[in-house]
Amino acid sequence: MFNEIEKKWQDNWKSNNTYKVSNTSDKPKFYVLDMFPYPSGAGLHVGHPLGYIASDIYSRYKRLKGFNVLHPMGFDSFGLPAEQYAIETGQHPAETTKKNIATFKSQLDKIGFCYDWDREVRTSDASYYKWTQWIFLQLFNSFYDRKENKAKPIAGLIKRFETEGNTANGQPTTTNFTAEEWKDYDEATQQNILMNCRLAYCGYGEVNWCEALGTVLANDEVVNGVSERGGHPVVKKKLRQWYLRITEYADRLLEGLTKIEFSDAMKDMQTNWIGKSSGAEITFKIQQSTSKLTVYTTRPDTIFGVDFMVVAPELELINEIRSPAQATAVEEYIAYVKSRSDVERMAEKKITGCFTGAYAINPFDGREIPIWISEYVLAGYGTGAIMAVPCGDERDFKFAQHFNIPITNIIGAHFNGEEANPTKEAVLENSGFLNGLVMKDAMEVAINKLTELHIGIKKVNYRMRDAAFSRQRYWGEPFPITWKDNVAKEWKGDLPLELPHVETYSPGPDAQGPLANIPEWVAQELETNTMPGYAGSSWYFLRYMDPNNNETFCDRKASDYWNQVDLYIGGTEHAVGHLLYSRMWTKALYDLGFIGFDEPFKKLVNQGMIQGSSRFVYRIVGTNQFVSHGSKDNYNVHPLHVDVSLVDGVELDMDAFVRWKPEYSDVEFICEDSQLYRPGTKKDGEWKLEKYICGVETEKMSKSKYNTVNPDELCKKYGADTFRMYEMFLGPVEQSKPWDDKGIEGVHRFLRKLWRLFFIPAEASAKAGDEGKKVWNEDKPNDAELKVLHKTIRKIEEDTERFSFNTAVSTFMICVNDLADLKCHKKEILEKVLILLTPYAPHIAEELWSKLDNSGTILDAAYPKYESKYTVESSKEYPISINGKVRANINMDLGLEQGDVEKLVLQNETVQKWLEGKAPKKIIYVKNKMVNVVI
RNA sequence: GCCCAGGUGGCGAAAUUGGUAGACGCACCACCUUGAGGUGGUGGCGCUGGAAACGGCGUGCUGGUUCGAAUCCAGUCUUGGGCACCA
């Protein structure tokens, strides 16, 4: 029955364009956004819709509350998996992507979401990536003006170079020169300098190269030294790469966090990723050399505790300063470091290093400080060199110990000689002019002194690096860039620069992408890299506002109207990728005057992940026997995933298992009671006492683990409304939890019970699924019934507002139970309950609404208001507790004065017994809830 | 190692500001409805002692603050997530 109702209303909404959203309205606007999905070939599993259902409920709720709600959906359809699938099967990514999107859309529609599909965006559509390319060009043609702290068109910078050079204005991302010098530079030199200023720039850099995927990866796409996708090894490689100068936005990205509602956990993650630290850069003279060594430290107060210097092996400086005696050792060490991959370094974490033979001079006490090189110092952070203070830093301490370098103690008793102590509270000793100062106060004194002597400056550093923005792949946005004589220029054709069709996806020469294999492409000297997956997703929320505009990426009127996304729902996995990039793009577009806000998402809610509950069978190694969970430890077994649909709870359907895959056709089972069972040896219907118990583990839901559950089947069996409410009922949206459908019956029962408030099925036709006999009436409700209604209105509103959808479902259940107890079938009550229910179970609400002889759609009904006279208790038995422990009840009216309450309490028999004639110390009357007597 | 979020019945969970812990649902038990099954209904359901009335204990563990703690504080164990030689 529910299936037909749902089909009927889904068709009705579609043909009436019920969810069409207009960019003009008298109503206040509200923008609810989901993180759009990557349309994988596996289709939707029950984990995907969790956030979508939550956002759908909130959107529908806001619509009922009188808002013009934008709630769009689209597809993040460029990316690696489609291309890898293409390599494996030969199907073109455009084809598979189209097919997958169709599957996703039909699956989404079955759940009854209120998307305006006219606003759908697909990042791989030329009409969409035209604007991704356009925005890229804006970034390419802009620089970050550090003085005004915003992005500006690069034309202004060129003008500045021509008139003032780059001395006073200081764009520190490039070198200094005068206006005359600028004019004398040839074009290549000028372009080189400009490239160093552009917000999207091309440069040579150490990148994360993944051989198996044939591409570079951004830092957030590499996990534990292997690729996030596929788990292939990743090595450092020097390559020409496009980058986004996100580091220029580091401070604003941090500052912006205070203006938006993200969870603390999310803010912490972004803050840590940006990794701001402040300290000083200090330059040391080197003995018998004109070279100098500049280090970055957060602890300039420990300058007198420096016992050695460490330089990253990659630094050129090493060749200038190393002593002849150490030359061979240094070269050998550098060769050794180069031979090691990131994975090895991380796995081993051993202490290695090599003395250069050179010494730096401590500027304050003239001490000679040996300069070492070691892989534990990173070339890419700070200056690539550190001053080591073993008494205060654990890594420095271990290094000193390992190489027998004497340790200077500047913190007295705080250092025990056994381990370093990174305290800032110690009083400094052996520290020259800093003696007697507490460390945290000494920092400023030290920095001032260094500045005064021109050997150091205060310095802020960020852990975040510029974002690698090119991929050596096919299935992504082409860069509208041409190369001539090693100079990158904006492509002069009309956007979009369309992705050409290819027959093969194999990499081009010299670690270039497949585009390098296309002669016409190369002939035009076009860039052969493509943009990364996050390019299209960094601005899609803007395109929804004005999706069909062919003149601009998003009309300013539209973006001014819809403004920020009011509510963004998605997983935490994008904390340092997508969410940071979109924030940066928004800021850049804001700086350049294309939009009027500089934070894209006002509020972010992270939905938890629904994990799969995997089942395992245990194959005895080298045999075709499987042993049950209880006795698996007695054998040498190999665990294998088994499809969850073949398992009832933990008990395997052995006959279904042998039919599952051909290679299992003649297996045997050693069951829980150690009996051997061979499928097919017992006839159907014969009692099978043997049980095979599977192992259980919670892991990520994925097709390869056979633990996915398809929402289609649940919608078919129970209906979309049941499915929607059950996903919410499972627990708080923010929380991750393994999927489990054993409670879905309860929610389904609730909806049937709701139905029976309107219609009672006739006895004989209970199974036929017709609507039954009408029982609803138009009688006037009484106080008890109104009380149920208004309490529900209040609770549902509160629950919905605070995204506590699980308790909201409970509230509905209580409401329906109460109405059933009261035998209340009154239209006046029921129709209001239906309105409350609309966001949660739109189909059944709409159906019953129409059956109550209402016209129009319930989606635009007026949201009921609660009356407080029905939501408070008028009189009640109140508990009295004595020293916090409830001992008796007392009858009294609400809103009594303290004095009256005391009198009433003292008359109570139980209290008198406890007091034994003495006066109580205190009588506390708590929030109209209870009374506590302190004795 | 560092940062963050959790830990409550057989299970998913609730408890919005410190105020009668376990709402609601699942599972389970008993009964009613039924020829039977399903559906539907009523009641029970933290542990423990007790025939019962009633009592003791109880929100990972150990302490503390408070008339009163799942909630606040200190320490500790544990699960999940993030970062990881960032000087």
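Nothing here was measured: the structure is a model prediction, and the numbers come from that model. Below, chains carry the letters A, B, ... as their sequence lines are ordered, and counting in each starts from 1. Below, each value reflects all heavy atoms present in this structure, side chains not excepted, and no hydrogens, waters or symmetry copies.
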To the side chain of [X], which of [options] is closest?
X	options	result
A:M269	B:G82, B:G40, B:C4	B:G82
A:R756	B:G40, B:A87, B:U20	B:G40
A:D821	B:U42, B:C3, B:A87	B:U42
A:Y296	B:U20, B:A87, B:C3	B:A87
A:R749	B:C26, B:A87, B:C24	B:C26
A:W273	B:C11, B:C83, B:G25	B:C83

Go through it in stages, so that I can follow the logic: the residues are A:H790 and A:I793, the test is side chain to side chain contact (heavy atoms under 4.5 Å, CB included), and I'd like the CA-CA distance, side-chain angles, deciding distance and then a yes or no.
CA-CA 5 Å; A:H790 286 279; A:I793 297 174; 4.0 Å; yes
Which nucleotide, if any, forms a Watson-Crick or G-U wobble pair with [N], using both distances under 3.5 Å?
N	value
B:G1	B:C83
B:G37	none
B:G7	B:C77
B:G58	none

NA contact type, [X], heavy-atom cut-off 4.0 Å: base, sugar-phosphate, or nothing?
X	value
A:I814	sugar-phosphate
A:K921	nothing
A:N883	sugar-phosphate
A:D268	sugar-phosphate
A:V377	base

I need the [atom1]-[atom2] distance between [X] and [N], as an integer number of Å.
X	N	atom1	atom2	result
A:I924	B:U20	CD1	P	14 Å
A:M609	B:G81	CE	P	8 Å
A:R752	B:G38	CZ	C1'	10 Å
A:H748	B:C24	NE2	P	21 Å
A:F262	B:G82	CZ	P	18 Å
A:K742	B:C26	NZ	C1'	6 Å
A:E734	B:A5	CD	C1'	11 Å
A:W739	B:C26	CH2	P	15 Å

Hey, does the side chain of A:S263 come within less than 4.0 Å of B:C4's phosphate (OP1/OP2), counting only N and O?
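It does not, given that no N or O in the side chain of A:S263 lies less than 4.0 Å from OP1 or OP2 of B:C4.
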Phosphate oxygens OP1/OP2 of B:A87: is one of them under 4.0 Å from a side-chain N or O of A:Y381?
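True: A:Y381 side-chain N/O within range (under 4.0 Å) of B:A87 OP1/OP2.
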Using the test side chain to side chain donor-acceptor pair (under 3.5 Å), find all partners of A:T247 that sit at least two apart in sequence or belong to another chain.
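For A:T247, the residues satisfying side chain to side chain donor-acceptor pair (under 3.5 Å) (neighbours in sequence not counted) are A:D466.
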When rounded to the nearest Å, what value does the distance between [atom1] atoms of [N] and [M] take?
N	M	atom1	answer
B:C28	B:C45	C1'	8 Å
B:A13	B:U8	P	9 Å
B:C73	B:G18	P	11 Å
B:U59	B:C54	C1'	25 Å
B:G56	B:G64	C1'	24 Å
B:A30	B:U79	P	39 Å
B:G25	B:G41	P	11 Å
B:A70	B:U20	C1'	14 Å

Other residues, nucleotides, ligands: >12 heavy atoms within 6.0 Å of [X] [atom1]:
X	atom1	value
A:K267	NZ	yes
A:K458	NZ	no
A:F403	CZ	yes

Taking NZ, NE, NH1 and NH2 as the nitrogens, is one of them in A:K276 or A:D251 under 4.0 Å from a carboxylate oxygen of the other?
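Yes, this pair counts.
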What's the spacing between A:Q270 CD and A:I260 CD1 if we round to 0.5 Å?
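The distance works out to 6.5 Å.
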If you measure from NE2 on A:H574 to CG on A:L580, what distance do you get to the nearest 0.5 Å?
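Answer rounded to 0.5 Å: 13.0 Å.
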Since syn is defined as within 90° of 0, does B:G64 count as syn or as anti?
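Because its glycosidic torsion lies more than 90° from 0, B:G64 adopts the anti conformation.
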Determine whether the side chains of A:S736 and A:Q611 contain a donor N or O and an acceptor N or O closer than 3.5 Å.
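On atom types as modelled, these side chains do not qualify, holding no pair under 3.5 Å.
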Looking at A:M725 and A:V809, what are the two nearest heavy atoms and their distance?
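Where A:M725 meets A:V809 most closely, the heavy atoms are O-CG2, 3.8 Å.
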First of A:I744 and A:N272 reached from the 5' end of RNA chain B, by closest nucleotide:
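With A:I744 and A:N272 compared, the 5'-side residue is A:N272.
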Mapping A:D264 and A:M464 onto RNA chain B by nearest heavy atom, which one lands closer to the 5' end?
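With A:D264 and A:M464 compared, the 5'-side residue is A:D264.
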Indicate for each nucleotide in nucleotides 13-18 of chain B, in 5' to 3' sequence, whether protein heavy atoms under 4.0 Å reach the base (B), only the sugar-phosphate (S), or nothing (-).
SSSBB-
